[in-house]
Protein chains: 2
Amino acid sequence: MSEQKIRNMEEFARISGISRPTVSKYFNDPDSVRSTTRARIESALEQYDYRPNIYAMNQNRKLTKNVGIVVPLLADPYFAEIARNLEQRCIAAGYRPTLFSSHGDPAFEVEVLDTLRSLKPAGVLLAPLGRASDVAALERFCEAVPTVVFDSSVDEIGLAFVGSDNFQFTRHITDYLCRTGEPPCFFEMRTPANPNAHRRRHSYLSAMAAFGHTPTVISVDGEGWAFEEIGRLGAHEAFRQDRFTSNTILCSNDRLAIGMLTACYEQGMKVGRENKATIRVAGQDGHPFSRYTCPPLTTISHNYDAVSQTAAEALFEAIEGNVTPWKSTRLEGRLILRDSA
Amino acid sequence: MSEQKIRNMEEFARISGISRPTVSKYFNDPDSVRSTTRARIESALEQYDYRPNIYAMNQNRKLTKNVGIVVPLLADPYFAEIARNLEQRCIAAGYRPTLFSSHGDPAFEVEVLDTLRSLKPAGVLLAPLGRASDVAALERFCEAVPTVVFDSSVDEIGLAFVGSDNFQFTRHITDYLCRTGEPPCFFEMRTPANPNAHRRRHSYLSAMAAFGHTPTVISVDGEGWAFEEIGRLGAHEAFRQDRFTSNTILCSNDRLAIGMLTACYEQGMKVGRENKATIRVAGQDGHPFSRYTCPPLTTISHNYDAVSQTAAEALFEAIEGNVTPWKSTRLEGRLILRDSA
DNA sequence: GAATTTTCTTTACGCGCGTAAATTTTTAGT
DNA sequence: ACTAAAAATTTACGCGCGTAAAGAAAATTC
């Protein structure tokens, strides 16, 4: 590595004995230049560590290589995990991902989209807040920027939607719970942030009907994204009011279930499927933390890999010109049997 | 909002009846123009929604308004939380934060810093991976970019270090445990990713000596950042080998403690401070999930707000020209008493 | 080896803005 | 109302690169 500082592409081109337009072509797509030329540029790159100024690059390019990844709440390990997965796929495909969290705030979600717009991204992978989102703003954004929506769908916005099959999730785990013990009650937030919650409730109701059982839905109060606390407080309240009609509780999501488990502990109840246990608790999502609850949480897990792969590929295809009609993909989940139910 | 699309600052200046250099000045600092002028620009802004091209802006500015935030692992809610905190402080101070995670990978950490460099940020808030970091690369980066290091320190790198006082953390909680029951064993990773772990071990040893107790350190194997699993497996192994010389276990961090709690559950041991319990477990960090373990985890919490405020302010000061000599700030933690110990 | 195709070089312009200097206009001070 | 100071305008240049066009050079084909 030589000491000499390269100031710009002009200098780098001169020093590597190639013309600047060709060097520019190389940086836009290394495979677009002859292999001998490529080799010369790359050996010069090793000597003089030069990197094109991204601001100057993106100013003139019709399309940048930027990809935005937006999740509702990065503090939720579920979104952190899927964001990580998406980020790596973007890098592998030669894009420059930038990560954003809406922090559970609809106003901030709009700000994030505004910021993103000024980055002139080639595309965006967006997991909307859901119910609380400013749908009109989302719609306007999706018209301006190629966007694949994931996790929770809002109308038929963007290029495509990729998420989990929430009907299958709940049907599957309800089926399991019915076969192995008392049919479950359903524990959820009254005003869930995420539209998937409604699908799960409906699926629970229809599954219970199909199996010939009487459903019980316990909807608890609470706004925002502090699901564990909402679950914990709601569970205590429900215990106090004796609203659980079964010893089995299916929670609308894992974070609610984690709060429920804490409440059970605080009530002195033993959770599990063994003899001494008095209550079974199951979640939904396959949350990274669900393995480490006490007892470990039985849940149905998103197919993280498949969701992110499908979403990322749909976006890359569209960016590269193969725009297909709007399509919704809903992937099945995998039941994870642990000790809690 | 008018239909007309504004293409550039020239057009926007003409339409708002102000000269372009003045408009440019406004966008660099709204307070640098006369209030009547500011009002005219802002009313035009409401009509024609124009935003300066950030690429063109940053190309010529000596200093961008970008601030990089780098954490070792965004999937860890502790880092997610502190990153969120820092992000909001950057926005409030008029900077444009960009979030990066090293994903626990030293090679990726270097890549992140490389990417960051090409963004020509005004400054960076960096939480290094620690032991695994490529220290030489960090050093080179800090020389090129104003950087405040937080969470875990690596030499005397950057403008300043801000973190927690790990000696105080462990001394304080060890003191508490000794006063309320059997003196604790110390449970840790043999090769911790984070240098804070060493401080905590030393502090445990010196605290035990000061109180006149015999220390026991249980170091478990395991590489990487899957602390819960390392804690769980390590705890099982330690139970099998009967290495715990006390009914009280102080874990080096909360995630290890969470794994420990899971192992205790799997061993059929009751954790807590009441009569029926056979073992006490405590953590360190004040991890967002520690409230929801079963039993809820007694821990000593970082002062998230103070750490991020101190780090952010140190960076902003330096960016604005007030460079002070390197300084290390270590903030005290707050004991959080819960049921586990 | 000549003809064709591919790749590279040369030349040139423009992107949208920062910024500096000189000049004019507006505001503040007494 | 006059003056000095502050702010805005005009003019002009440059940043580092994308990109287009035309011609030269190299590689490929038969």
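Sequence lines set the chain letters: A, B, ... in the order given, protein chains first and strands last, and positions in each chain run from 1.
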Just how far, in rounded Å, is [atom2] of [N] from [atom1] of [X]?
X       : N      : atom1 : atom2 : result
A:Ile54 : C:dC17 : CD1   : P     : 17 Å
B:Asn28 : C:dC17 : CG    : C1'   : 10 Å
A:Glu10 : C:dT11 : CD    : P     : 11 Å
B:Asp29 : C:dT19 : CG    : C1'   : 16 Å
B:Asn53 : C:dC17 : CG    : P     : 6 Å
B:Arg61 : C:dA20 : CZ    : C1'   : 17 Å
A:Asn8  : D:dG18 : CG    : P     : 12 Å
A:Asp31 : C:dT7  : CG    : P     : 12 Å

**OP:** For the residue pair A:Tyr55 and B:Tyr55, categorise the inter-ring angle as parallel (less than 30°), tilted (30 to 60°) or perpendicular (more than 60°).
**Re:**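 A:Tyr55 and B:Tyr55: tilted rings.
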**OP:** Just say parallel, tilted or perpendicular for the rings of B:Tyr78 and B:His302, cut-offs at 30° and 60°.
**Re:**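 If you compare the ring of B:Tyr78 with that of B:His302, the planes turn out parallel.
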Original post:
Is atom CZ of B:Arg51 surrounded by more than 12 heavy atoms (other residues, nucleotides or ligands) closer than 6.0 Å?
Top reply: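 Correct, the count exceeds 12.
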**OP:** Using only side-chain N and O atoms of B:Ser24, determine if any of them is under 4.0 Å from OP1 or OP2 of C:dC17.
**Re:**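 Answer is no, no contact under 4.0 Å.
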Subject >> B/S/- contact track for nucleotides 3-15 of chain D, protein heavy atom under 4.0 Å >> reply: ----SSBBBB-BB
Original post:
Between A:Arg89 and A:Asp305, is the closest basic N to carboxylate O distance under 4.0 Å?
Top reply: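 A salt bridge links A:Asp305 with A:Arg89.
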Subject >> ring pair (Phe, Tyr, Trp, His ring centres under 6.0 Å) contacts in which one or both residues fall within residues 89-130 of chain B, not counting sequence neighbours >> reply: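 Qualifying pairs, neighbours excluded: B:Tyr95-B:Phe316, B:His103-B:Phe108.
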Subject >> side chain to side chain contact (heavy atoms under 4.5 Å, CB included) involving A:Glu139 - partner list, sequence neighbours excluded >> reply: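 A:Val135, A:Ile157.
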**OP:** Have a look at A:Asn58 and say if it touches a base, only the backbone sugar-phosphate, or nothing, with a 4.0 Å heavy-atom cut-off.
**Re:**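 Result for A:Asn58 = nothing.
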Original post:
Contact class for A:Tyr50 vs. all strands (heavy atom < 4.0 Å): base, sugar-phosphate, or nothing?
Top reply: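 Counting heavy atoms under 4.0 Å across all strands, the contact made by A:Tyr50 is with sugar-phosphate only.
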Subject >> Shortest non-hydrogen separation from A:Gln59 to B:Ala56 and the atoms involved >> reply: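 Shortest heavy-atom contact: NE2-CB, 3.3 Å.
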